[in-house]
Amino acid sequence: MVQQSRPSADGISRRAVVRTGLAVGAGTISAGLLANIPALAKPASGGLTPGDAAILRFLAAAEILETDFWQQYNELGGIQDSEVPGGSGSAKYTAALAVLDSDMAQYIHDNTEDEFTHFTFIDAYLAANGVAPVNLDQFRTLPSSKATGARQIGRLTNLMELTVDTSWWTRYRSRTKNPDFGDTFPQAIPGLSAGRFPAIPRNDGDLSPKAHLQAIANTAGFHFASIEQGGSSLYPSLAQRVTHPEVLRILLSIGPTETMHFQTWMDKAGNAPPLTDPTNGLVFPDLNASPFGGEDFQTNLIMPEPTIFLSRKFPPVSIIRPTETQGAAMSAVKFLTASGLFRGQSPAFFAVLGQLAEDADAARRGG
Ligand SMILES: [Fe+2]
């Protein structure tokens, strides 16, 4: 039964890989690579199935997109060096970020480098197995910040009109709820989830007044964690549907680094000073005071509270949440899109990203 179903599933997935590779555009897939795709069942490393290829290709795309916006953060608020080149920094933005932690610039630098290595590794692994690596260069069309310190190049992502979901804050503090059970969670910073706010200075005019620039740095602080909690869920969600142990090893080795990022950023977001942005009314409340405070909001709770998992008949357990595997890739695309990260992107961009997600979500263990 299983063996009968495999050729069919492989055939569908292989076509999906080919279609997606072509959709990504010229320069990303050569005739040679195309010719190699029928041999996917027996690649050099011993068994990269079309499903594994589709999951890795989606993750490569996600990592490319992460890298693109982390680079924008690093150019203005990180450390510009040979490991993470580009930009020359914004002293005032860097100082506003440092209000959250004096090591923010270093952490931004290191997170940026990590994401760069994630997509570079996954693309190299794909290529070594005869699968088209992912290249989104044709979609680097969005404008850069005009603030002094930013490079003036085309971007894949937009950090200047973000709508940041901060419900991860209460999700990881809940002892009774789990998004995989359909539960929803209140926002830590309700204002951030309802409007459009810059997470980097859009131009030098954003460097004052001081509370406005601090609101931008606070927005970045919450966006960092919002993104990295997504990665923390995405890898275990997709790992449940990979086939080859080596591909599983890749997902299990990269995924927890996203969680290392997440916990760091959760800690730093808790240091964002309460304030109201005088230019747009955005409020960062005191999360330790009424009506906030308590287990759902208290800022020094940076480790997951135990909660329900799999079935309510089991005792609460400290876990990553969500980890539902069905539709996980498309959920990630929807989450990122809703955050405004792709505002201004072309329909072709969304078509390619959606196809990569669809193919990843079609992957099944053993196929
Ligand atoms: Fe990553």
Side-chain angles (χ1 to χ4, degrees), residues 52-75 77-79 83-86 104 106-127 133-137 139-140 155-157 159 162 164-165 168 172 199 220-242 246-269 320-323 325 328-337 339 341-342 353 356-357 360:
D52 283 355
I55 285 175
L56 288 171
R57 295 191 88 238
F58 177 73
L59 288 171
E63 297 287 0
I64 287 170
L65 295 166
E66 271 198 294
T67 302
D68 180 79
F69 76 72
W70 274 112
Q71 284 179 318
Q72 296 182 59
Y73 280 126
N74 195 69
E75 289 173 23
I79 296 170
E83 290 177 350
V84 186
M104 285 294 271
Q106 185 69 52
Y107 299 156
I108 289 168
H109 168 280
D110 291 355
N111 204 141
T112 308
E113 185 183 21
D114 286 2
E115 309 306 355
F116 184 85
T117 65
H118 288 167
F119 94 73
T120 305
F121 177 90
I122 294 171
D123 261 355
Y125 185 82
L126 285 166
V134 177
N135 182 327
L136 301 177
D137 283 351
F139 301 117
R140 295 187 188 278
R155 310 286 184 172
L156 291 166
T157 60
L159 293 178
L162 287 183
V164 181
D165 185 321
W168 51 269
Y172 271 95
F222 276 89
H223 183 237
F224 296 166
S226 183
I227 284 288
E228 300 299 321
Q229 64 81 28
S232 298
S233 282
L234 182 61
Y235 277 85
S237 296
L238 293 179
Q240 295 166 62
R241 284 186 283 105
V242 303
E246 190 170 82
V247 178
L248 182 61
R249 183 178 180 182
I250 292 171
L251 269 66
L252 294 183
S253 301
I254 292 178
T257 71
E258 308 286 346
T259 307
M260 295 168 83
H261 301 156
F262 169 45
Q263 188 171 27
T264 301
W265 298 127
M266 179 151 53
D267 186 27
K268 304 318 161 197
I320 295 297
R321 67 207 71 167
T323 53
T325 189
M330 197 60 83
S331 289
V333 169
K334 286 179 180 168
F335 174 81
L336 294 171
T337 302
S339 78
L341 195 61
F342 307 137
L353 194 56
L356 286 164

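Quick caveat, the model's predicted, so the values are computed rather than measured. Order of listing sets the numbers, starting from 1, for every ligand and every atom in it.
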With side chains defined as the heavy atoms from C-beta onward, is the minimum distance between M104 and F224 less than 4.5 Å?
yes
Going by the rule side-chain hydrogen bond (donor to acceptor under 3.5 Å, both in side chains), which residues pair with T157 if we only count those two or more places apart in sequence or in a different chain?
D68, Q72
Side-chain heavy-atom pair L162, L159 within 4.5 angstrom cut-off:
yes
Can you find a pair of side-chain heavy atoms, one from T259 and one from I320, that are under 4.5 Å apart?
yes
Have a look around the Fe ion (ligand 1) and list protein N/O/S atoms under 2.8 Å, or say none.
E63 OE1, E63 OE2, E115 OE1, H118 ND1, E258 OE2
Would you say that Q240 contacts T323 through its side chain, given a criterion of any heavy-atom pair below 4.5 Å between the two side chains?
yes
Check this for me: R140, atom CZ, are more than 12 non-hydrogen atoms of other residues, nucleotides or ligands nearer than 6.0 Å?
yes
